[in-house]
Amino acid sequence: MNKSYVYFMTNKNNTVIYVGVTSDLLKRVYQHKTKAYKGFTSKYNCDKLIYFEEFDDINQAIEREKQIKAGNRKRKEELINSINPDWNDLSDGWLFYFD
C-alpha cells in the first residue's frame with residue numbers, strides 16, 4: 001500500500017512556510033532541495049523539511065492539505081512546534097538515491 005504525505009518546507013530563516021502533498025516524500029524533498037522545478041519553493045529557497053504527516057490514502061492527504069492551507073500561519077506554527085520545536089530539518093541525514 002502506498003503512503004501519502006502532507007509536508008511543510010521552509011527557508012533557512014524560517015520566514016516562509018510551504019505546504020505540499022506527495023506520494024513520495026523522499027523524492028519530493030530532494031526536488032525541493034535541488035530546485036528541480038521553478039516555483040514558489042525555489043523562489044523563496046524553501047529547502048528545509050520541518051513537518052510531515054503520513055496517510056494511507058492520497059485523498060486523505062489532499063483533504064488534510066486543504067484543511068491546513070485554510071488555517072493561518074499561527075496554526076501551522078503550532079503544528080510544527082508540536083513535533084519539531086527547534087524547526088530542525090527533518091531530512092538531515094537522509095540518503096537520496098533513485099533508480
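As a basis for the values below, the full set of heavy atoms in this structure was taken, side chains included, without hydrogen atoms, waters or symmetry mates.
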Close side-chain approach of Asn2 to Ser23, heavy-atom, < 4.5 Å = no
Using a cut-off of 6.0 Å, state whether more than 12 heavy atoms not belonging to Lys43 lie near its atom NZ.
-> no
The single option from Glu53, Glu65, Glu54 passing side chain to side chain donor-acceptor pair (under 3.5 Å) against Tyr5 = Glu54
What class does the angle between the rings of Phe8 and Tyr51 fall in, given that below 30° is parallel, 30 to 60° is tilted and above 60° is perpendicular?
-> tilted
Given Val21, Val19, Val6, the one that forms side chain to side chain contact (heavy atoms under 4.5 Å, CB included) with Lys69 | Val19
Does the separation of the ring centres of Phe40 and His32 fall below 6.0 angstrom?
-> no
Separation between CG (Asn45) and CG (Asn13), nearest 0.5 Å, reads 9.5 Å
Distance (rounded to the nearest 0.5 Å) between Lys48 NZ and Asn88 CG = 7.0 Å
Is the number of heavy atoms from other residues, nucleotides or ligands within 6.0 Å of OH (Tyr44) greater than 12?
-> no
Is there a side-chain contact between Trp87 and Asn81 (heavy atoms, below 4.5 Å)?
-> yes
State, yes or no, whether a side-chain contact exists between Arg75 and Ile68 at a heavy-atom distance under 4.5 Å.
-> no
Leu79 CG to Ile17 CD1 distance, which is reported to the nearest 0.5 Å | 9.5 Å
Interatomic spacing from OG in Ser4 to CD1 in Ile62 - rounded to 0.5 Å = 7.5 Å
Might you point out which heavy atoms bring Val16 and Asn11 nearest each other, and give the distance in Å?
-> N-OD1, 3.6 Å
Is Lys74 close to Glu78 at the side-chain level, that is, under 4.5 Å between some pair of heavy atoms?
-> yes
Could you walk me through whether Tyr7 and Tyr18 pass side-chain contact (heavy atoms from CB on, under 4.5 Å), step by step?
-> CA-CA 8 Å; Tyr7 65 97; Tyr18 171 82; 3.6 Å; yes
Trace of the side-chain contact (heavy atoms from CB on, under 4.5 Å) decision for Leu25 with Tyr30 | CA-CA 8 Å; Leu25 187 62; Tyr30 176 78; over 6 Å; no
Can you list the steps and then say if Asn84 with Leu90 is a side-chain contact (heavy atoms from CB on, under 4.5 Å)?
-> CA-CA 8 Å; Asn84 187 7; Leu90 300 176; 3.6 Å; yes
So, the side chain of Lys33 versus the backbone of Asp47: is there a donor-acceptor pair under 3.5 Å, distance only?
-> yes
Atom pair CG (Leu49) and CG (Asp92), whose distance is rounded to the nearest 0.5 Å | 10.0 Å
In Thr22, Asp24, Asp56, the residue satisfying side chain to side chain donor-acceptor pair (under 3.5 Å) with Lys3 is Asp56
Nearest-0.5 Å distance, OG1 of residue Thr10 to CD of residue Glu77 = 9.5 Å
